[in-house]
Structures are given as structure tokens and as C-alpha cells.
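Every chain is numbered from 1 and lettered A, B, ... according to where its sequence line falls, protein lines coming before strand lines.
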Number of protein chains: 2
Amino acid sequence: MDASQTISQMVLETLRKINRAIGLRSRQLVKTVGLTVPQMLILKEVVESGESAIGHVAAHVSLSQATVTSIVDRLEAHGLIVRRRGSADRRKVLLAATERGAEIVARNPAILQEQFTEAFSKLEPWEQTQILSSLQRIATMMNAEQIAVPPILHEESWSEHESELAATQRPEASPVS
Amino acid sequence: MDASQTISQMVLETLRKINRAIGLRSRQLVKTVGLTVPQMLILKEVVESGESAIGHVAAHVSLSQATVTSIVDRLEAHGLIVRRRGSADRRKVLLAATERGAEIVARNPAILQEQFTEAFSKLEPWEQTQILSSLQRIATMMNAEQIAVPPILHEESWSEHESELAATQRPEASPVS
DNA sequence: CGCGAATATTTCGTATACGAAATTACCTAC
DNA sequence: GTAGGTAATTTCGTATACGAAATATTCGCG
């Protein structure tokens with residue numbers, strides 16, 4: 001947290017740190033519950049909204065279809081949900097939770113927050129609201145910008161390096177003896 | 001944004017959305033500048049702090065050493081930084097930016113924000129401060145919890161599925177003729 | 001009917017991310 | 001001086017995440 005940074009930079013830096021904390025938390029979850037946060041999110045969504053298509057779930061949890069597909073692969077491998085081709089529209093793949101899956105969600109309604117919720121609930125109500133409002137403000141700003149994609153740099157000089165070093169072989173820093 | 005959610009849940013949901021927006025933004029960056037956000041972050045750190053060890057950089061950008069290693073691989077492949085074994089302590093791998101790398105950072109001091117900074121700077125100063133403070137509040141709460149790892153569930157019934165379905169083969173939803 | 005546009009999902013390639021184990025180097029006590 | 005512990009980095013395995021392209025299906029229009 002260098003004093004020479006702009007507030008904007010500090011905001012982004014803090015967001016990255018929060019994000020990392022969430023990621024680490026997710027990995028701890030694997031050890032206790034056996035599922036990561038994204039997996040829980042999707043399982044929960046499926047349980048609560050009944051049989052629903054992949055695209056529907058993806059939109060609800062704010063992830064791409066491709067991402068949901070791979071997470072569903074794991075949930076299905078664990079026997080927590082099942083895929084079923086839609087009968088009305090056979091392009092769709094409907095997801096349904098198995099008993100096992102439903103049980104896990106039912107047994108852990110707050111599993112996704114737990115400790116965070118605990119700490120958060122100790123704040124004053126007006127403070128909670130303010131924090132949420134600040135976050136939504138940021139989310140809105142970011143989404144708005146997501147649309148516009150002004151090509152910033154480029155000029156020249158870039159991309160010639162691409163081909164020669166494309167292979168993911170790391171040149172040893174220095175072959176010591 | 002369901003009305004039936006607790007504020008805490010909404011906070012987490014909003015954080016995930018913000019995070020996604022940052023991720024998407026990062027991918028756009030690849031097209032304009034040729035580097036992702038994490039790559040820029042590390043390159044910038046190396047340029048600004050001179051020759052520094054991997055561990056040092058990792059701590060500064062809040063990422064694990066393993067992650068930094070792989071990102072450095074790519075930056076090195078692109079000829080933006082070089083690895084050098086430390087002479088004093090040969091366990092350390094020192095990073096230094098090449099001319100090319102330094103030039104990119106120099107030419108794009110604000111590349112990491114750009115549009116976000118633009119929008120953010122239009123807010124009232126007191127509002128900016130408030131947002132930052134809200135975020136730091138959250139970050140602090142999350143880091144504090146990172147320490148304690150109370151085993152929540154487990155009971156039994158878990159993990160027997162692991163072995164039989166470990167392979168990443170997806171059982172076709174239903175082999176429709 | 002039948003073909004092309006539209007829609008839904010999966011596959012493929014790439015880039016983060018992390019923990020745990022392996023590797024290499026250093027350092028201290030004996 | 002060497003054995004054992006510590007420290008720094010890399011390797012390995014796994015899980016997200018996404019875009020772009022491929023695939024499968026539906027639907028509209030002639």
C-alpha cells in the first residue's frame with residue numbers, strides 16, 4: 001500500500017487481494033466439504049432452480065458456458081448432478097441434482113460464506129449497506145466499460161516475437177554445471 | 001440480485017461479478033497490448049524495483065511463487081525480462097527487465113486501469129475514499145479468517161466416489177442413437 | 001420438404017492460480 | 001568438512017476461467 005499510488009490503483013490492488021483471499025478460501029473448502037466455491041455455486045443453483053439448462057445456470061452464476069461445462073463434468077463425476085438431454089428442445093442439456101447433491105446443499109446452506117458472514121454480520125447495518133453499495137457501484141462501472149474496447153496501443157513492434165518463442169519451453173536461467 | 005438474499009450473500013455475489021469483469025478486461029488487454037493483467041503487474045514490479053528475486057515479487061503482487069514462476073516463463077519467452085541466478089545467494093533467481101520490457105511499462109503507466117480510472121475519477125473524492133475504505137474493510141475481514149480453518153463437515157460418506165471416477169472422462173449424457 | 005440462419009453445448013487452446021513435493025543452494029553445529 | 005536443517009525456486013497435478021471453433025439441433029422461409 002504505497003502512499004504514492006492513486007486511489008484508483010489502490011482500489012484495484014485491494015480487489016485483487018480480496019480475490020486472492022476468496023481463492024484461498026475456496027481451496028480450504030475442498031478439504032472440508034470436498035467441493036470448491038464454483039462447484040458449490042453451480043450445485044446450489046441447480047438444486048434451487050430445478051432442472052435447468054447449462055446456459056441458464058451460466059447466466060445465473062455469471063460464468064461462461066464453457067466454464068460451467070467443465071465444472072459440471074466434475075460434479076457429474078462425483079455423482080452430485082446428472083445431465084439429461086432436453087425432450088422439448090434437444091439442443092439443451094438439462095441439469096438435475098441427485099439426492100446426494102441435494103443433501104449437500106441442504107445440509108450446508110451457508111457453506112459459501114460461513115466465516116465471512118459471521119464477521120460481516122457484526123458490522124453496523126448502515127455499514128453493511130454502504131459496503132454493498134460501494135461494490136455495486138464498482139461492478140456497474142466495470143460492466144459499462146466492458147462494452148467499449150478502444151484499441152489502446154499497438155503501434156508496431158509487437159507480435160514478431162510470438163512465433164519464434166511460442167513453444168512453452170523454458171530456457172534454463174543458467175545451466176549451472 | 002434476488003431480493004431474498006442476505007446482504008452478505010449479495011456482497012459475495014457482487015465481488016464475483018467484479019472479479020469476472022476484471023478477468024474479461026484482462027483478456028481484452030491481450031489483444032491491445034499483448035500482455036494480461038498479471039503479466040503487466042509483474043513486469044511493472046520488476047521495472048520499478050530493479051533486480052529482485054521471485055519471492056520478493058510474489059509477495060509484492062500478492063501471488064504465490066508457483067504462479068509467478070509460470071508468468072515469468074511467458075514474460076521471458078517474450079523477451080521482456082531475463083532471469084539471472086543471484087551471485088551472493090545462488091538460490092535466488094533475480095529478474096530484470098529488458099529494454100523492451102522497460103519501454104512497455106514506461107509507455108503505458110496507466111495501462112492497468114485506463115477506463116476504470118477514467119470512470120472512477122469522476123466520482124466525488126469523498127466517494128472514492130469511501131469505496132476504498134469499504135474494500136479494505138472486506139479485505140481485512142477476509143485475511144483474518146484465512147488463518148482459522150475449522151473443519152466444518154466431513155462426517156463420512158465422502159471420498160469413496162473419488163477413486164472410481166477419478167479419470168476425466170465425461171460419460172456422454174445419453175448416447176442418442 | 002429442405003436449406004440456411006440462429007441457438008445450445010462441447011471441444012480445444014491458453015492463462016491464471018495454488019499446494020505439495022522435488023530440487024538446489026546455503027548455513028550452522030559438530 | 002560434512003551432516004542436517006533451512007530457504008528459494010521449480011515441477012507436478014488439479015481446478016478455474018475464457019474465447020473461438022466445432023458440433024448438434026431447431027426454426028423460419030421459400
> Taking only residues at least two apart or on different chains, which pairs with a member in residues 31-53 of chain B satisfy ring pair (Phe, Tyr, Trp, His ring centres under 6.0 Å)?
none

> Just N and O in the side chain of A:Ser64: are any of them under 4.0 Å from OP1 or OP2 of D:dA17?
no

> For C:dA15, does either OP1 or OP2 sit under 4.0 Å from a side-chain N or O belonging to B:Arg74?
yes

> Under a 4.0 Å heavy-atom cut-off, which of residues 49-59 of chain A touch DNA chain D?
none

> Just compare D:dT9, C:dA17, D:dA17 and give me whichever is closest to any side-chain atom of B:Lys92.
D:dT9

> Does C:dA15 have OP1 or OP2 under 4.0 Å away from a side-chain N or O of B:Thr36?
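For B:Thr36, the contact criterion (side-chain N or O under 4.0 Å from OP1 or OP2 of C:dA15) is not met.
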
> Can you run down the salt bridge (charged side-chain N to carboxylate O under 4.0 Å, His left out) pairs that involve residues 52-66 of chain A, sequence neighbours left out, and say none if there aren't any?
none

> Apply salt bridge (Lys or Arg N to Asp or Glu O under 4.0 Å) to B:Arg91 and list each qualifying residue two or more places apart in sequence or on a separate chain.
B:Asp89

> Which protein N or O atoms sit under 3.5 Å from an N or O of nucleotides 4-6 of chain C?
none

> Consider the side chain of B:Val93, meaning its heavy atoms from C-beta on, and name the nucleotide among D:dC18, C:dA8, D:dT9 that approaches it most closely.
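Looking only at heavy atoms from C-beta outward on B:Val93, the closest nucleotide is D:dT9.
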
> If you compare every side-chain N and O of B:Gln28 against the phosphate oxygens of D:dC18 (OP1, OP2), does one of them come in below 4.0 Å?
no

> Who are the side-chain hydrogen bond (donor to acceptor under 3.5 Å, both in side chains) partners of B:Thr67, not counting sequence neighbours?
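Counting only residues at least two positions away or on another chain, B:Thr67 forms a side-chain hydrogen bond (donor to acceptor under 3.5 Å, both in side chains) with B:Ser64.
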
> Could you go step by step and tell me if B:Leu80 and B:Leu35 meet the side chain to side chain contact (heavy atoms under 4.5 Å, CB included) rule?
CA-CA 11 Å; B:Leu80 302 180; B:Leu35 295 177; 3.8 Å; yes

> Can you tell which of C:dA17, D:dC18, C:dA8 lies closest to the side chain of B:Arg20?
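Among C:dA17, D:dC18, C:dA8, the one nearest the side chain of B:Arg20 is D:dC18.
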
> Taking five pairs at each end, how big is the angle between the two axes of the helix from C:dC1-D:dG30 to C:dC30-D:dG1, to 10°?
10°

> Is there any ring pair (Phe, Tyr, Trp, His ring centres under 6.0 Å) pair reaching into residues 39-65 of chain A, and which pairs are they, with sequence neighbours excluded?
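Every ring pair (Phe, Tyr, Trp, His ring centres under 6.0 Å) pair that includes a residue of residues 39-65 of chain A, provided the two are not neighbours, is A:His56-A:His60.
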
> Report the residues that fulfil salt bridge (Lys or Arg N to Asp or Glu O under 4.0 Å) with A:Arg74, sequence neighbours left out, ordered by chain and then residue number.
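A:Arg74: no salt bridge (Lys or Arg N to Asp or Glu O under 4.0 Å) contacts found.
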
> Identify, with sequence neighbours excluded, every residue that meets side-chain hydrogen bond (donor to acceptor under 3.5 Å, both in side chains) alongside A:Glu48.
none

> Could I get the full list of side-chain hydrogen bond (donor to acceptor under 3.5 Å, both in side chains) partners for A:Ser26, not counting sequence neighbours?
none

> Using OP1 and OP2 only, check whether a side-chain N or O of B:Thr69 sits under 4.0 Å from D:dT10.
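B:Thr69 to D:dT10 OP1/OP2: side-chain N or O found under 4.0 Å.
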
> Can you tell me if A:Lys31 touches the phosphate of C:dA20, counting only side-chain N or O atoms and a distance under 4.0 Å to OP1 or OP2?
yes

> Keeping to residues at least two apart or across chains, list the salt bridge (charged side-chain N to carboxylate O under 4.0 Å, His left out) pairs with something in residues 49-65 of chain A.
A:Glu51-A:Arg84

> Both B:Asp89 and B:Ile71 contact DNA chain C. Which one's nearest nucleotide lies toward the 5' end?
B:Ile71

> Do you know the tightest heavy-atom contact between A:Ile71 and A:Pro38?
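Minimum heavy-atom contact is CD1-CB, 3.7 Å.
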
> Between A:Ala66 and B:Gln65, name the one whose nearest nucleotide on DNA chain D is closer to the 5' end.
B:Gln65

> Do the side-chain N or O atoms of B:Arg90 get closer than 4.0 angstrom to the phosphate oxygens (OP1, OP2) of D:dA8?
no

